[in-house]
Amino acid sequence: MNKPVTYELQHVCQQSGARAGLLTTPHGQIKTPVYMPVGTQAVVKAMTSPEMKALGAQILLSNTYHLNLRPGSQIIKAAGGLHRFMAWDLPILTDSGGFQVFSLAELNKITEEGVAFRNHLDGSALLMTPESSMQIQQDLGADIAMAFDVCSPYPCAYEDAKADMERTHRWAMRCKDAHKRPDQALFGIVQGAFYKDLRITSAQTLSQMDFPGYGIGGLSVGEPKDIMYEMLEALIPHLPVNKPRYLMGVGTPDCLLEGVLRGVDMFDCVLATRIARNGTVLTRHGRLVVRNARYKADFAPLEEGCDCYTCLHHSRAYVRHLINTGEITGGRLCSIHNLRYLTRLMEGARQAILEDRFLDYIKDFYALFDMRGAFNRGEDQ
RNA sequence: GUGGGUGUAGUUCAGUGGUUAGAGCGCCAGAUUGUGGCUCUGGAAGUCGUGGGUUCAACUCCCAUCACCCACC
């Protein structure tokens, strides 16, 4: 039986060691490194599928937990699967619900069997297990499903981190046993909080289970960036070279490039679309809060030279006006720009890797990008 | 012209003798990393229409005056 998702390592940058690859799925190929826009509720907020294609998105992420609550995985299955339901014929990856165990921690109880959630919509009880997550994800029918994991918080005591990691490994095996769909790949997820030895153990343990790809979970949960980079450097050498690595939830421009530098192939993040709806955009010069009064009469595009729809047609003053009057198109225009920005950042990274000049690419990025107030955390300040 | 009403932050309004006059909206700024987010947090902003008076103390009570609104001539 052919594997549903295969990874081909196309080139290793001689200057940096970063990777360029090709991910082949039932719904087409993905050139890596890649940023995956997030469409939690079977839609990238404010965007349509043709618009996502136009800005160069290769694959979208959607969410098991949310879609299972509404409209329900049976509805999406009846619609002919998630691709048809949301009219997106390129690849999709579904998150397992594991992150909701973390982010909705006050509303759930974790046992070895699974997680008892309080439904955040109506308060009703809901049990999610590795098996049920697999069932739901197979009903949704994405190209890539993620294992149901336990994401440790930051900070986290060693014994707790170890217990979360070991449970994640047991659940990964249960996910593998429960996963039957031949046209869908299942990725395992590395945990281990902020302890290098645990991260290495997790990478080795999951590698032995032979998944077609590996998520790196539990990072960008509030820790300083340096610590995240240390963890990546420790664990990635213990993942197989011929499988894709997906750093979950990471999405500031600098973190994307630093991740690529350390061997990551895939990223997803809500940041670009979330800040867009609140009037902040990303540019090569750093973040730009277009909502601010200084742009009231600024008729330049959001980012000079950007090829996105927004920058080709509209001014900062206009976008600011729409944001400040609460017009939904304001959030749309900022989303279009931010998604295009990150997509283009990754396209440029891939090209630089293929041409063995990725270190120069990063250097050029930092030379222009104003890091002051650029989503820093903790000790980064 | 007569009678009544209203004048407090940019705006709509609270505040009927007692620290440094408040709220919503607006304005300004900050936050946002596997989305419980048209969200969250903070800030600036008022000679209380004006001028007198009573009082230990006045946005508050009294007088005058100005502006606006309503009713009636």
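Convention: sequence-line order gives letters A, B, ...; per-chain numbering from 1.
Counting only distance, with no hydrogens or angles, the side chain of A/Thr310 and the backbone of A/Cys334 share no donor-acceptor pair below 3.5 Å.
Residues from residues 37-44 of chain A lying near RNA chain B, meaning a heavy-atom separation below 4.0 Å, are A/Val38, A/Thr40 in numerical order.
Across every strand in view, B/U19 sits unpaired, with no contact that passes the Watson-Crick or G-U test at under 3.5 angstrom. With a cut-off of 3.5 Å on both Watson-Crick or G-U wobble distances, the partner of B/C68 is given as B/G5. For B/C73, there is no paired nucleotide, since no Watson-Crick or G-U wobble pair has both relevant distances below 3.5 Å. The nucleotide B/U32 finds no pairing partner, because no Watson-Crick or G-U wobble arrangement with both distances shorter than 3.5 Å includes it. Here B/A58 sits opposite no nucleotide as a Watson-Crick or G-U wobble pair (both hydrogen-bonding atom distances under 3.5 Å). Under the Watson-Crick and G-U wobble criteria, each requiring two contacts below 3.5 Å, nucleotide B/U47 is left unpaired.
Note on A/Asn63: a side-chain N or O is less than 4.0 Å away from OP1 or OP2 of B/U35. Between B/C28 and A/Arg320, a contact under 4.0 Å exists linking OP1 or OP2 to a side-chain N or O. Distances shown here put every side-chain N or O of A/Asn324 at or beyond 4.0 Å from the OP1 or OP2 atom of B/G26. Listed pair A/Arg287 / B/U32 meets the phosphate criterion, a side-chain N or O lying under 4.0 Å from OP1 or OP2.
Note: the hydrophobic cluster containing A/Phe365 also contains A/Phe267 (ILVMFWY, side chain heavy atoms under 4.5 Å, direct or indirect links). Note on A/Tyr361: it clusters hydrophobically with A/Leu342, by side-chain heavy-atom contacts below 4.5 Å among ILVMFWY residues. A/Met248 and A/Tyr65 are not part of a single hydrophobic cluster, where members link through side-chain heavy atoms under 4.5 Å apart.
Shown here is A/Arg294, whose CZ atom has no more than 12 heavy atoms of other residues, nucleotides or ligands within 6.0 Å.
Heavy atoms of A/Gln191 sit under 4.0 angstrom from at least one base atom. Within the nucleic acid shown, A/Ile189 comes within 4.0 Å of at least one base atom, counting heavy atoms only. Residue contacts shown for A/Gly331 are absent, as no nucleic acid heavy atom lies under 4.0 Å away. Counting non-hydrogen atoms under 4.0 angstrom, A/Asp149 reaches a base of the nucleic acid. When heavy atoms are screened at a 4.0 angstrom cut-off, A/Asp268 is found touching the sugar-phosphate backbone but no base atom. Among the heavy atoms of the strands lying under 4.0 Å from A/Ser103 are primed sugar atoms or P, OP1, OP2 only; no base atom is included.
Separation of the P atoms belonging to B/C48 and B/C72 is 36 Å when rounded to the nearest angstrom. Taking the P atoms as reference points, B/U6 lies 10 Å from B/A14, given to the whole Å.
The distance from the NZ atom of A/Lys243 to the OG1 atom of A/Thr6 is 10.5 Å, given to the nearest 0.5 Å.
Side chain of A/Phe99, nearest nucleotide from B/U33, B/U32, B/U35: B/U35. Of the candidates B/G34, B/C28, B/U35, the closest approach to any side-chain atom of A/Thr273 belongs to B/U35. For A/Arg274, counting side-chain heavy atoms from C-beta on, the closest listed nucleotide (B/C28, B/G30, B/U32) is B/U32. Nearest to the side chain of A/His66, among B/U35, B/U32, B/U33, sits B/U35.
In this structure, A/Arg262 forms a cation-pi arrangement with A/Tyr229, its terminal cationic atom sitting closer than 6.0 Å to the ring centre and no more than 45° off the ring axis.
Taking the six-membered ring where tryptophan is involved, the planes of A/Phe211 and A/Tyr214 are perpendicular, since the angle between them exceeds 60° and thus also 30°. Taking the six-membered ring where tryptophan is involved, the planes of A/Phe148 and A/Trp171 are essentially parallel, since the angle between them stays under 30° and well short of 60°. Note: A/Phe369 and A/Tyr341 have tilted aromatic rings, judged against thresholds of 30 and 60 degrees for the angle between ring planes.
Using modelled atom types and a 3.5 Å distance limit, the side chains of A/His179 and A/Gln184 yield a donor-acceptor pair.
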Report summary line: Whether each nucleotide of nucleotides 38-44 of chain B has a protein heavy atom under 4.0 Å at its base (B), only at its sugar-phosphate (S) or at neither (-) is summarised, 5' to 3', as -B-----
